[in-house]
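Atoms considered below: every heavy atom in the structure, side chains included; atoms not considered: hydrogens, waters and symmetry mates.
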Number of protein chains: 2
Amino acid sequence: MPSPGRATIADVAREAGVSKATVSRFLNHRDTLLSPDIAARVERAVSALGYSPSPMAQALKRGRSRLIGLVVADVTNPYSVAVLRGAEQACQEAGYLVMLFNLGNDSGREREAMAALASYQVEGFILNTLGRDPDAATEATRQGRPVVLVDRRHSGMQADFVSLDNAQSVQMALAHLQAQGWRELLYVTEPVRGVSSRAEREAAFREACHQSQQGGVGPALAGQTFESHEALPEAPEAPMQALMSALQALRERAGARPAAVLSSNSVVTLRLSAAMARLGWQWGRELGLVGFDDTDWAPHVGPGISTIAQPTHDLGRLAASCLLERLRGLTLAPRQILLPGTLLARGSSQALNPERL
Amino acid sequence: MPSPGRATIADVAREAGVSKATVSRFLNHRDTLLSPDIAARVERAVSALGYSPSPMAQALKRGRSRLIGLVVADVTNPYSVAVLRGAEQACQEAGYLVMLFNLGNDSGREREAMAALASYQVEGFILNTLGRDPDAATEATRQGRPVVLVDRRHSGMQADFVSLDNAQSVQMALAHLQAQGWRELLYVTEPVRGVSSRAEREAAFREACHQSQQGGVGPALAGQTFESHEALPEAPEAPMQALMSALQALRERAGARPAAVLSSNSVVTLRLSAAMARLGWQWGRELGLVGFDDTDWAPHVGPGISTIAQPTHDLGRLAASCLLERLRGLTLAPRQILLPGTLLARGSSQALNPERL
DNA sequence: TTGTAAGCGTTATCAT
DNA sequence: ATGATAACGCTTACAA
């Protein structure tokens with residue numbers, strides 16, 4: 001009698017009057033010649049019982065699970081979600097399922113996450129994490145499972161790397177700001193702390209400002225950097241106050257020259273907007289703004305926020321593709337894939353016209 | 001020799017000089033008395049080898065996997081993400097891992113999603129889906145795995161249900177709008193199409209308006225409903241035009257009386273904001289607004305958007321708790337858990353003062 | 001208290 | 001071309 005739960009390969013074998021081995025062969029090695037008669041019987045039995053093999057049992061036997069582990073620093077971040085969607089799609093098309101582990105911004109749990117996923121025999125990892133847990137790198141390579149890094153490099157981990165071209169994006173943003181007449185710049189970022197993408201963007205900002213002062217094209221840009229911290233329970237107001245002061249200092253420093261902010265991501269952009277509201281200032285009037293990450297709300301805040309859109313979906317797809325290639329046996333030196341950003345100019349970075357000053 | 005990959009129970013047994021059964025007992029049934037000597041030896045071997053059991057093998061043997069399947073209609077929706085976080089946390093605390101399946105707004109794949117998750121032996125389901133796939137319900141209960149529904153009921157599925165108290169929330173929003181002087185109301189929702197939460201909110205809106213006209217407390221509220229459709233590739237502008245017309249009609253209808261919109265969720269709120277921008281109107285001036293879902297950008301759009309905040313995190317936690325209780329053997333009639341919303345009043349719904357008209 | 005052995009659902013290596 | 005059979009890593013009667 002067919003068992004109460006799911007049909008097993010044994011059920012199918014009995015139904016078709018063949019051995020389990022034959023059924024398995026039919027399923028996995030269709031190329032191996034089997035008599036049409038038997039093949040037909042098995043086929044009928046399979047569909048009659050609605051049989052599909054248990055991935056768990058397959059994983060146990062094969063050591064492979066058709067599972068991809070995706071570790072994300074923070075699901076709340078729209079960037080991560082967009083990447084997730086792209087990766088998920090590519091994986092599903094290839095017959096893989098994505099297992100998500102969300103760190104909830106607790107960078108210490110990186111290793112734990114990978115261990116948990118590894119225990120379910122995930123065949124590879126896509127990592128969009130801070131990369132501050134040094135053991136995590138070791139762990140992954142020790143297990144011999146391929147890894148793809150998204151947006152953030154991990155020191156000492158040799159793995160494929162997929163990311164926005166940060167340098168190009170920063171240059172593009174600055175060229176735009178320059179063209180629109182902004183002269184005194186402030187780059188606002190979350191604390192860099194060794195996070196590679198943050199470091200790259202900041203370095204690119206410094207470099208670009210430096211270039212323009214050394215007589216690059218167009219008028220010179222003066223630039224400074226500010227690190228915006230997250231609010232802590234004991235001093236919930238401190239970071240916001242600091243941010244407001246930084247913005248005020250920026251304007252004083254600028255004097256008559258138009259001053260603008262470059263924001264390192266959408267979280268920072270939101271903080272900045274809060275600070276502007278508190279100061280009673282408006283984007284595109286008291287200060288210009290271009291921000292990384294094009295969110296769905298960007299067009300609706302103030303006069304519209306100018307953004308650098310990342311090809312998030314493609315980044316996710318590419319990350320998954322890299323991984324799948326490795327799983328298919330591709331052996332190659334770690335690749336770096338950098339995709340260009342796109343500038344979406346809106347009101348917040350529009351040229352000041354004199355009477356608005 | 002300890003194998004190259006992960007240590008197995010056999011490795012531990014060899015290392016400790018005992019049988020696999022003893023190791024297994026040590027791990028699973030500490031209560032069963034075992035000689036302290038042996039226990040110590042096993043313990044040492046376990047930590048020496050860094051052994052942890054393979055959940056896959058355990059699942060195969062026990063038929064249980066310590067996996068919870070979470071099916072989400074759309075990861076892009078902040079509401080879903082927030083619920084996900086809550087559920088994830090509760091599950092992890094209980095030693096379960098969440099396996100996420102994202103439908104990407106393709107409601108037809110509901111059954112497929114559940115089948116995929118079931119094949120990995122997930123012990124139960126948390127469903128935040130449209131509930132329009134009738135088979136999905138059957139499938140789950142047929143498998144005898146417990147299900148918790150979040151936000152959306154499925155017709156004919158008897159399962160625990162966790163959700164915002166939609167009726168209370170709508171009443172609260174309307175009372176607020178009424179108190180602030182708004183009189184002509186428009187409820188804008190995504191197409192209802194049998195999605196329970198959408199239907200409930202709309203019904204509550206109709207009912208509340210009706211009440212107020214039958215001489216409820218305060219001045220009467222006139223209300224109508226509008227369904228906002230998603231843009232299609234062949235007519236990308238049509239839905240936006242329709243929305244703009246609806247807003248214009250609203251104001252004409254209202255004449256001198258202040259008119260306001262109640263938005264069914266954050267996606268609709270964004271669409272509405274786009275329409276307002278196109279009309280050159282501003283929230284709190286030409287039209288008032290209260291929207292479901294308190295997003296992080298709500299304070300920064302226009303004069304600040306008034307919202308109905310859902311206790312998303314608690315909803316997620318509760319959903320997980322319900323499921324875990326069932327897994328522990330609780331047998332009870334399906335429960336309904338409704339949590340109240342919170343109104344966050346901001347500029348978009350503030351009383352008009354005469355000179356602003 | 002501990003060990004032996006069977007079995008969970010597969011796949012792969014032998015024979016036949 | 002097909003069928004026994006062992007093995008993957010684990011749990012659990014049943015023996016000892």
Distance-only donor-acceptor check, side chains A:Asn102 and A:Arg109, under 3.5 Å: no
Under 3.5 Å side-chain donor-acceptor pair for A:Arg66 and A:Gln121: no
Under 4.0 Å protein heavy-atom contacts per nucleotide of nucleotides 10-16 of chain C, with B for base, S for backbone only and - for none: BBB----
Flag side-chain contact, heavy atom, 4.5 Å: B:Ile68 against B:Met99: no
How many whole angstroms separate atom [atom1] of [X] from atom [atom2] of [N]?
X	N	atom1	atom2	result
A:Arg30	D:dT2	CZ	P	14 Å
B:Arg14	D:dG9	CZ	C1'	13 Å
A:Tyr120	D:dG9	OH	P	17 Å
B:Phe26	C:dT1	CZ	C1'	15 Å

Working for side-chain hydrogen bond (donor to acceptor under 3.5 Å, both in side chains), residues A:Asp151 and A:Asn128: CA-CA 7 Å; A:Asp151 191 63; A:Asn128 175 33; over 6 Å; no
Donor-acceptor contact below 3.5 Å, side chain B:Arg6 vs main chain B:Ser52: yes
Lys/Arg N to Asp/Glu carboxylate O, A:Glu123 vs A:Arg62, below 4.0 Å: no
Nearest-nucleotide 5' precedence on DNA chain C, B:Pro36 against B:Gln121: B:Pro36
Touch class at under 4.0 angstrom, heavy-atom based, for A:Leu60 against every strand present: base
